[in-house]
Amino acid sequence: EDKVVQSPLSLVVHEGDTVTLNCSYEVTNFRSLLWYKQEKKAPTFLFMLTSSGIEKKSGRLSSILDKKELFSILNITATQTGDSAIYLCAASSLPLYTGTASKLTFGTGTRLQVTL
Amino acid sequence: DAMVIQNPRYQVTQFGKPVTLSCSQTLNHNVMYWYQQKSSQAPKLLFHYYDKDFNNEADTPDNFQSRRPNTSFCFLDIRSPGLGDAAMYLCATSRDWPTGLTGANVLTFGAGSRLTVL
């Protein structure tokens with residue numbers, strides 16, 4: 001069974017701190033690893049990673065994938081209160097048959113709270 | 001802006017009373033998904049449509065059905081909701097090409113429909 005495990009489950013930090021969120025996965029026919037941010041609304045896309053060792057950056061957020069060890073990390077530097085959210089990691093698997101799509105298996109998320 | 005719209009945002013129903021949740025998209029994506037997300041749990045895939053092809057997950061209860069009358073719309077029907085079906089239901093879309101990676105798998109989510117069962 002496909003599985004994605006995130007750690008820590010929750011985290012409280014002070015504004016300005018740097019945080020690292022972890023994601024490990026076991027997925028058959030792995031295709032890519034995605035990170036989403038979920039506030040009290042739809043999850044919004046952050047990164048998609050397909051190759052090992054290549055860091056993706058967007059402002060204060062960055063992420064990297066290790067396909068040998070089957071994990072990814074999401075770093076947030078100089079955290080702000082607006083970063084408070086649940087961060088979801090998802091592993092995509094290749095379609096099984098014609099007429100089916102790639103599917104995402106999600107982790108339970110890391111709840112990040114940034115305090116003043 | 002192109003987007004995924006879910007209605008209603010909040011739905012309260014009685015035990016056993018059928019419910020229909022809707023999802024529409026202006027992205028012209030060929031794949032539409034329904035996920036169930038319970039409190040503090042990972043979103044769980046119920047089923048997806050690849051164009052008109054319906055793909056049910058093996059562990060999705062028969063109580064959950066779906067319809068996709070055209071590219072833009074998809075419905076989730078819960079025939080006899082139980083207390084355990086109370087959850088957030090997320091619709092998502094993607095453009096998926098089995099042989100290519102560019103842009104694939106990036107799901108765009110709607111805001112969700114939160115279902116309460118009394």
Side-chain angles (χ1 to χ4, degrees), chain A residues 1-10 23-25 27-51 54 56 58 65 67 85-111, chain B residues 1 3-6 9-10 23 25 27 29-60 68 88-114:
Chain A
E1 184 181 337
D2 295 343
K3 187 169 63 173
V4 175
V5 178
Q6 293 186 244
S7 64
L9 292 181
S10 67
C23 174
S24 64
Y25 64 91
V27 171
T28 306
N29 298 319
F30 173 80
R31 187 176 191 180
S32 58
L33 192 290
L34 295 92
W35 286 94
Y36 285 84
K37 179 182 181 181
Q38 186 176 27
E39 299 167 271
K40 291 183 180 178
K41 50 187 178 179
T44 53
F45 172 73
L46 294 174
F47 297 110
M48 182 173 72
L49 304 150
T50 54
S51 301
I54 298 175
K56 291 214 170 180
S58 176
L65 174 67
K67 290 171 74 173
I86 295 173
Y87 290 84
L88 293 168
C89 171
S92 167
S93 55
L94 290 165
L96 286 178
Y97 313 106
T98 301
T100 66
S102 298
K103 295 189 290 187
L104 295 189
T105 301
F106 283 89
T108 54
T110 293
R111 182 181 294 274
Chain B
D1 283 342
M3 53 177 54
V4 181
I5 306 285
Q6 291 188 242
R9 292 290 311 280
Y10 301 92
C23 178
Q25 53 126 342
L27 298 161
H29 283 169
N30 61 326
V31 185
M32 294 187 79
Y33 305 81
W34 281 104
Y35 281 84
Q36 178 193 64
Q37 187 178 26
K38 297 185 178 180
S39 181
S40 302
Q41 294 185 21
K44 177 180 179 299
L45 181 63
L46 295 174
F47 25 61
H48 74 277
Y49 275 94
Y50 187 100
D51 295 326
K52 294 182 181 179
D53 293 330
F54 176 72
N55 296 282
N56 200 26
E57 293 300 297
D59 57 355
T60 298
R68 188 179 187 185
M88 175 75 84
Y89 290 88
L90 295 167
C91 173
T93 71
S94 74
R95 175 153 293 282
D96 202 273
W97 295 281
T99 56
L101 291 178
T102 304
N105 310 145
V106 179
L107 272 62
T108 301
F109 284 88
S113 292
R114 184 170 294 282

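Lettering of chains follows the sequences in order, A, B, ..., and the numbering in each one begins at 1. Quick note: numbers below take in every heavy atom, side chains included, and nothing from hydrogens, waters or symmetry partners. It should be emphasised that the depicted structure is a prediction, and the values quoted were computed from it without experimental measurement.
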- request: Kindly give the heavy-atom pair with the smallest separation between B/Ala42 and A/Gly107, and that separation in Å.
  value: CB-O, 3.1 Å
message: To the closest 0.5 Å, what do you measure between CG (B/Leu107) and CZ (A/Phe106)?
response: 6.5 Å
field: Option in B/Tyr49, B/Tyr35, B/Tyr33 with maximal non-hydrogen atom pairs under 4.5 Å from chain A
entry: B/Tyr35
task: Indicate the atoms forming the closest heavy-atom contact of B/Gly110 with A/Pro43, along with that distance.
output: O-CD, 4.5 Å
Contact class of A/Gln6 relative to chain B, heavy atoms under 4.5 angstrom: neither
- request: Measure distances from B/Gln37 to the heavy atoms of chain A and classify the residue's part below 4.5 Å as side chain, backbone, both or neither.
  value: side chain
query: Does B/His48 use its side chain to pair, donor to acceptor, with the backbone of A/Ala101 at less than 3.5 Å?
result: yes
query: Can you find a pair of side-chain heavy atoms, one from A/Leu104 and one from B/Leu45, that are under 4.5 Å apart?
result: no
B/Asn55, part contacting chain A, at a heavy-atom distance under 4.5 Å: side chain
field: Contact leader toward chain B among A/Ser92, A/Ala90, A/Gly99, where contacts are heavy-atom pairs under 4.5 Å
entry: A/Gly99
message: Are there over 12 heavy-atom neighbours, none belonging to A/Arg111, within less than 6.0 Å of that residue's CZ?
response: no
query: For B/Lys38, does the NZ atom have more than 12 heavy-atom neighbours from other residues, nucleotides or ligands under 6.0 Å away?
result: yes
